[in-house]
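As the structure lists them, so they are numbered: ligands from 1, and atoms in each ligand from 1.
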Amino acid sequence: MFDLMDSGGHESVYLHRHAASGLRAIIAIHDTRRGPALGGCRFITYADETAALQDALRLARGMTFKAALADVPQGGGKAVIMKPPGAFDRVALFSEFGRFVESLGGRYITAIDSGTSTSDLGVVARHTRYATSAAERLDPSPWTALGVFRGIQAAVQNRLGADTLQGIRVALQGVGHVGYPLAQRLQAAGAELILADIDAARVQRAAAEFGARVVQAAEIHRQECDVFAPCGLGGILHAQAVAELRCAIVAGSANNQLADESLAQTLHARGVLYAPDYVINAGGLIFASLQYNGHTLAEIERKTRRIGDTLARLFERARAAGAPPLRIAETIAREVLARGSGEAVVSAA
Ligand code: NAD
């Protein structure tokens, strides 16, 4: 375990088991130089403990970079709860998880993630002060969608030289909590939508509402379009999928879109502009952090909209350096972390 932590540069890993509720949870804290770690709590089935630990470590590290580039006063952390194989009492399990989070005294603040809902976080928040997303109105997804929308505008401006999304063709994978409000914004801005989702009823409903064309889930990344927006699961851009893309831009909300980070270079070589996932999808983190720290909705909206400006400067800097935007994003995140607290400045120089 320490070798894994050494290679990722993680500060701490906490484990907790509770026989009565069946809770088996891992909290990974990557870096707290800029503030307490904030990150979601994932509740899914893992093949084994190693897979759960690796997921927690990888996601916690991603949150550090995301917070640094979004310029929020948080470090990176993530929790994973291994979903019990048999029957379990959900309230008992999330209550115990809340006590676990509380026992860390604020080093880690939890939030919604894959497999958890705002009502689960409501249960967690009864047992700890260090929880966000604890009611439906605190769902970060619409804010993530706003940030992705701004990011798509910046990418279209940079790659296609267009100041509007009128007539821009977007292939959107996944019309869930983020994909749906994103589709709404894109349609209102005049984009033409092609949609896919493994949930047939959901995608038909969205297609009818937005006048969109539907394609099979396996076909969406192969559509000829301007923007491919992955808003389903991570890891969908493996080598073959990248080779099959027929778009100018990849810009979506999914975490860890690239199955392997070296594919950022492949996309760059193919002339596909890739908006780094942890930069474009930071709206939810901005909402969670600023809301938790008592900021107004107007301030949250202003900062979320700035994701578009950050990406515009990032793309410019990447262009000047002849490098993939992902590499530039990492360089900037490291610069910000080395400085500790303070504003993340993404200059074009
Ligand atoms: P969600 O579960 O509400 O929606 C995901 C949708 O994608 C579902 O409708 C699902 O059926 C569909 N889907 C899954 N696999 C698919 C596939 N192979 N092809 C087509 N459709 C597929 O999740 P969400 O909250 O909308 O999040 C979407 C992505 O964005 C996730 O990767 C998540 O980690 C990431 N993300 C979300 C937030 C947020 O605020 N919700 C913040 C940052 C990142």
List the closest protein heavy-atom neighbour of [atom]: residue, atom name, distance to the nearest 0.1 Å.
| atom | result |
| --- | --- |
| atom 17 (C) of ligand 1 | I198 CG2, 3.9 Å |
| atom 25 (O) of ligand 1 | H177 CB, 3.5 Å |
| atom 26 (O) of ligand 1 | V178 N, 2.8 Å |
| atom 4 (O) of ligand 1 | G176 CA, 3.3 Å |
| atom 43 (C) of ligand 1 | N281 O, 3.7 Å |
| atom 36 (N) of ligand 1 | S253 O, 3.7 Å |
| atom 34 (O) of ligand 1 | N255 ND2, 3.2 Å |
| atom 10 (C) of ligand 1 | D197 OD1, 3.4 Å |

Numbered atoms and elements of ligand 1 in range of [X], under 4.0 angstrom, heavy atoms:
| X | value |
| --- | --- |
| Q173 | 19 (N), 20 (C) |
| G232 | 7 (O), 28 (C), 29 (C), 31 (C), 32 (O) |
| A217 | 19 (N) |

Say whether [X], considering both its backbone and side-chain N or O atoms, lies within less than 3.5 Å of an N or O atom on ligand 1.
| X | value |
| --- | --- |
| L233 | no |
| R202 | yes |
| T144 | yes |
| S141 | yes |

Checking contacts here: is it the side chain or the backbone of C231 that comes within 4.0 Å of ligand 1, counting heavy atoms only? Could be both or neither.
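Looking at C231 and ligand 1, just backbone atoms fall under 4.0 Å.
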How many angstroms lie between CG in L93 and CZ in R24, if you round to the nearest 0.5 Å?
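So the gap between those two atoms works out to 11.0 Å.
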Gap between atom CZ of R58 and atom CE of M63 - 0.5 Å precision:
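M63 atom CE to R58 atom CZ measures 13.0 Å (nearest 0.5 Å).
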Of R246, R159, R169, which meets salt bridge (charged side-chain N to carboxylate O under 4.0 Å, His left out) against D226?
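Passing option: R169.
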In the complex you have, is atom 2 (O) of ligand 1 within reach of the protein, judged by whether a heavy-atom distance drops under 4.0 Å?
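So atom 2 (O) of ligand 1 lacks protein heavy-atom neighbours under 4.0 Å.
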Test side-chain contact (heavy atoms from CB on, under 4.5 Å) applied to F43 and V80, D120, I112, I81, the passing residue:
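Per the side-chain contact (heavy atoms from CB on, under 4.5 Å) rule, the option paired with F43 is I81, out of V80, D120, I112, I81.
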Under a 3.5 Å cutoff, is there a donor and acceptor pairing between the side chains of Y46 and D55?
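Looking only at side-chain atoms, D55 and Y46 do form a donor-acceptor pair, the distance falling under 3.5 Å.
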Is a side-chain donor-acceptor pair under 3.5 Å present for Y14 with R107?
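The criterion, which ignores hydrogens and geometry beyond distance, is satisfied for Y14 and R107.
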Plane angle bin for F100 and F97 - parallel if under 30°, tilted between 30 and 60°, otherwise perpendicular
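F97 vs F100 ring planes: perpendicular.
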Do the rings of F210 and Y180 sit parallel, tilted or perpendicular, given the 30° and 60° boundaries?
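Geometry flag for Y180 against F210: tilted rings.
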Pair [X] + [Y]: basic N to acidic O under 4.0 Å:
| X | Y | result |
| --- | --- | --- |
| D71 | R34 | yes |
| R222 | E244 | yes |
| K66 | D277 | no |

